[in-house]
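Reading through the structure tokens given below for one structure.
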Amino acid sequence: MPLAHAGEAVEWQVTDPFSPWQVAGVVRLAPLAGETTMSFVNRLAARYNVTVTGLLSAVAGPGVRGVWGKGCLVGEVFLASAVRRRLASLCQVPESHLSRALPSWDEGTDVKANGDQLNVRFASGSTVSAVMLGCRLCTAARTGAPCSARLYSDLRSRICIRHQCWSLDSLALDRVTLVEGQVSLSGLPEVIRAHQRLLPMLRRRGSCESAFAVAQAVVASWWGVGRRDEVIWPARLGRVCADLPEGEVAVLARDVVTYPEAVAVTTVLCDRLWRQRVLEDTHGQMPHTLAEVPRLLTELARRLGRPWLVEQLASSSAGALFAWVRACVRRERGAVPEEDVWAVPVAHRPRGLAAQLRELRLQHVGGAPVGGRPSRAEQAYQVGLAHACSYAARHGHLAVPKYGRHEGFALGAWLANQRTGVAALPIERAQALHRIDPWWNGPWPISWRRTYHRALVHVRKHGLVDATAGFPGTSLALGEWLYEQCSRYDDLHVGQQRLLADLGIRPAHARSARPRRNSLAQAFAVGLVYARAFAAVHGHLATSKSTRQDGFPLGQWLMSQRSRARMAEMETDRSRALSAIDPWWNPPWPMAWQRAYQHARKQCGSSQLLVPGDGFAGVGASAASWLYAQCALFEELHPRQQDLLREIGITAEATQARQTARYRPAGARIDFAVGLAHARDYAGVHGHLALPHPVQHNGFPLGRWLTSKRGEARAHARRTPAPWPGMQALAALDPWWLPPWAFAWQRDYHRLRLLLTAGLEPPPRLRSWFSEQLAQRQTLLPGQQRLLQELRTFPV
């Protein structure tokens with residue numbers, strides 16, 4: 001009879017005439033702890049002398065497909081609940097026992113036993129957790145048969161102490177041809193002893209497995225790096241060669257040879273005492289290199305029996321150990337959770353044995369290249385590295401602002417990305433940047449390094465700075481920055497203190513440093529003296545930024561006083577002192593207006609008043625143009641500005657000031673506000689802005705000005721879809737100031753409209769033009785049609 005299980009023989013009998021197997025009864029097969037479901041199904045199929053596909057087809061239906069044969073254990077299989085019940089009955093083991101022994105037994109709940117989905121799902125590759133080969137002797141003792149079993153990778157069962165063997169990863173085993181698939185540890189007693197030390201730690205500490213993953217990444221980064229002082233690993237590797245294929249020993253034996261060192265590093269990382277010592281050495285600050293945790297390096301070198309390791313690791317600023325130290329500091333600050341301390345960045349994880357074997361085979365088969373074409377990420381990194389080299393050659397550092405660009409390349413953003421992910425940066429990339437600038441990733445703001453570099457340039461030109469004398473010879477800003485570093489010297493990072501030593505600032509100098517300048521009160525008194533001297537000559541304090549008085553930067557000083565006065569909530573003694581010199585030293589309008597006013601006032605003299613109607617005769621062209629603009633915009637000025645203008649004779653009442661003032665060209669570009677004011681006057685009288693090019697308004701070339709504005713608006717529209725800045729203001733005066741049709745059409749329309757509004761008879765040309773537009777009305781734009789519709793209300 002076909003294979004069935006007790007109690008359900010009729011319910012799920014296989015009626016497929018091509019079923020390849022018949023059995024006489026049901027056997028009992030117990031699972032192994034931690035075994036994959038695929039391995040268990042494979043052993044069950046072997047007991048019935050059938051293939052995996054044949055067994056699953058019998059319990060799940062004929063829809064199962066696959067290439068899994070009798071001895072294949074690759075991948076994993078997920079089963080529906082009905083299929084799991086039948087397999088449990090078939091192997092005579094309760095399903096609850098199978099669920100406890102097989103980690104993936106209950107993961108097939110999404111597989112439905114109906115006609116819509118398959119009730120058996122296979123998985124392989126990266127979708128399956130790491131799998132290793134179980135000890136063959138232990139498997140045979142528990143199953144009573146010499147067979148293979150695959151177990152989910154477990155640190156506790158990686159080494160079989162009883163039989164002294166190491167189980168290889170399943171994926172790596174599938175890449176090579178091994179009879180046993182295991183490495184004998186009979187010649188490596190130190191590996192057995194290390195595993196015996198690790199087992200109690202695994203039972204006591206919950207983070208031990210995570211710590212071992214970090215330690216394995218740390219030790220694996222040293223593997224393959226040829227060091228003359230390393231003699232332990234080569235000797236240990238020679239004792240493993242007999243059990244591994246020739247040419248693949250260095251790959252397959254990596255984890256076996258480095259296992260004692262990985263356990264030793266794990267014991268240090270798991271010890272909270274050493275985490276506390278790391279924080280003490282770094283003073284809670286982010287480290288720049290591992291040299292800042294000397295006690296940790298000394299302890300690792302002692303436990304590993306490699307004294308030279310301290311010097312090798314001191315300059316390291318990348319790698320798994322460096323990432324762990326930074327994570328400990330960040331955890332102390334509360335920036336990351338505890339589990340992030342044990343997270344190993346992808347770039348620092350040990351390379352899989354299967355991938356290394358694949359590359360090794362490619363090297364031996366026809367000399368095929370391993371790497372091939374670099375990835376896009378690698379190409380982008382090389383481009384950024386080339387720009388970093390060019391920038392450092394020119395400036396001597398890599399302290400580029402975040403938004404800084406170099407030769408069109410966003411170097412600042414690129415370096416910021418490298419700094420953000422420095423813990424996960426591959427070692428070779430970090431070393432390449434370190435060779436360009438050892439302080440490219442200092443744990444302090446980039447602005448600090450940029451100011452430091454300016455101080456370094458000063459030292460190279462003038463020698464070491466003298467902190468005890470108040471940093472003579474330095475600029476005011478640089479001297480104040482240097483004094484600030486001295487005042488908080490003890491709180492600075494050890495790397496910053498080392499850099500300041502190159503400037504001549506050591507602990508003794510920092511304690512006796514004097515400020516760069518006098519107190520603020522004394523500095524203000526000095527500036528006030530120069531302000532009085534300037535006002536005595538010019539009569540005001542409307543200075544520009546570059547104004548100097550007897551060598552004193554009066555313009556910059558006044559600009560600083562204005563900034564402080566505007567931030568103050570009420571008038572201060574300093575503001576009152578400056579107001580006594582010039583009441584308008586800090587006006588509520590732009591200083592450019594105040595300077596132009598003082599310039600015009602100086603030209604008109606103390607007693608002569610200006611006359612707008614004659615074009616401001618006797619005043620320079622630039623001052624006259626500015627005064628004309630004030631007349632045109634008189635109503636829009638601040639009341640205090642109007643009072644100042646009245647003092648020099650511009651007392652025009654509202655609109656008459658604009659209408660009587662004659663425009664006097666200054667030869668420079670006309671201000672937009674001036675042209676807009678005349679356009680507003682013209683539109684208020686005529687109702688439109690369709691005036692010809694030569695037309696002037698109150699002496700102002702309004703036609704020429706509007707023609708230039710139309711050109712600017714059309715050029716702006718060709719460059720970008722955004723509206724031209726002056727479009728809204730002119731469209732408010734005349735919606736058709738810039739029509740999409742010929743401007744001659746617009747002028748004829750307004751001529752005709754003006755005549756019809758005044759009740760006059762249009763000339764024959766305009767009557768003929770109107771008839772032609774009506775005849776071809778359908779070819780006109782919608783705006784033209786609406787304008788013509790307005791004209792049809794008049795009798796033509």
Side-chain angles (χ1 to χ4, degrees), residues 1-14 16 19 21 23-66 68 70 72-124 127-129 131-132 134 138-139 141-145 147-154 156-157 170:
M1 58 177 293
L3 177 65
H5 59 81
E8 294 187 0
V10 177
E11 179 182 353
W12 63 277
Q13 285 183 359
V14 180
D16 185 2
S19 181
W21 50 289
V23 297
V26 179
V27 298
R28 187 180 187 280
L29 182 69
L32 300 176
E35 187 177 8
T36 66
T37 306
M38 189 69 213
S39 175
F40 176 72
V41 171
N42 185 82
R43 291 197 298 112
L44 184 61
R47 291 293 298 272
Y48 285 109
N49 197 27
V50 295
T51 63
V52 174
T53 305
L55 176 63
L56 294 179
S57 297
V59 297
V64 178
R65 299 181 179 88
W68 288 266
K70 181 178 179 180
C72 187
L73 299 170
V74 180
E76 183 59 290
V77 62
F78 302 98
L79 308 172
S81 57
V83 180
R84 295 199 298 268
R85 287 196 303 270
R86 293 168 186 168
L87 278 178
S89 299
L90 184 62
C91 66
Q92 293 294 293
V93 177
E95 190 173 356
S96 59
H97 293 183
L98 293 173
S99 178
R100 288 195 299 270
L102 306 178
S104 62
W105 178 260
D106 294 326
E107 294 184 9
T109 54
D110 58 332
V111 182
K112 299 181 180 179
N114 53 38
D116 298 332
Q117 297 184 11
L118 295 177
N119 46 17
V120 175
R121 178 168 58 88
F122 295 103
S124 62
T127 59
V128 181
S129 303
V131 177
M132 69 179 186
C138 291
T139 303
R142 296 195 61 183
T143 61
C147 59
S148 300
R150 304 285 173 112
L151 309 178
Y152 282 102
S153 185
D154 186 8
R156 296 174 178 84
S157 57
S170 174

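All values derive from a computational prediction rather than experimental measurement.
Using a 4.5 Å cut-off on side-chain heavy atoms (C-beta onward), Pro31 and Trp105 make no contact. For the pair Phe40 and Leu87, the minimum side-chain heavy-atom distance is 4.5 Å or more.
Every residue was checked against the side-chain hydrogen bond (donor to acceptor under 3.5 Å, both in side chains) condition with Arg142, not counting sequence neighbours, and none meets it. Applying the salt bridge (Lys or Arg N to Asp or Glu O under 4.0 Å) test to Arg47 and every residue at least two apart in sequence or in another chain returns nothing.
With hydrogens and angles disregarded, no donor-acceptor distance shorter than 3.5 Å links the side chain of Glu35 to the backbone of Leu102. Of the possible donor and acceptor atoms, none in the side chain of Arg121 sits under 3.5 Å from a partner among the backbone N and O of Phe78. Side-chain atoms of Arg43 come within 3.5 Å of backbone N or O of Ala30 as a donor-acceptor pair.
Between Ala149 and Leu32, the shortest heavy-atom contact is CB-CD1, 3.6 Å. Nearest heavy atoms, Val120 versus Leu56: CG1-CD1, 4.0 Å. The shortest heavy-atom contact between Val52 and Met38 is CG1-CE, 3.4 Å.
Rounding to the nearest 0.5 Å gives a distance of 8.0 Å between OG of Ser81 and CD of Glu95. Atoms CG and CZ, from Leu79 and Arg86 in turn, are 11.5 Å apart once rounded to the nearest 0.5 Å. Taken from OG1 in Thr36 to CD in Glu76, the straight-line distance is 5.0 Å, to the nearest 0.5 Å. Note: Leu55 CG to Asn49 CG = 12.0 Å, rounded to the nearest 0.5 Å.
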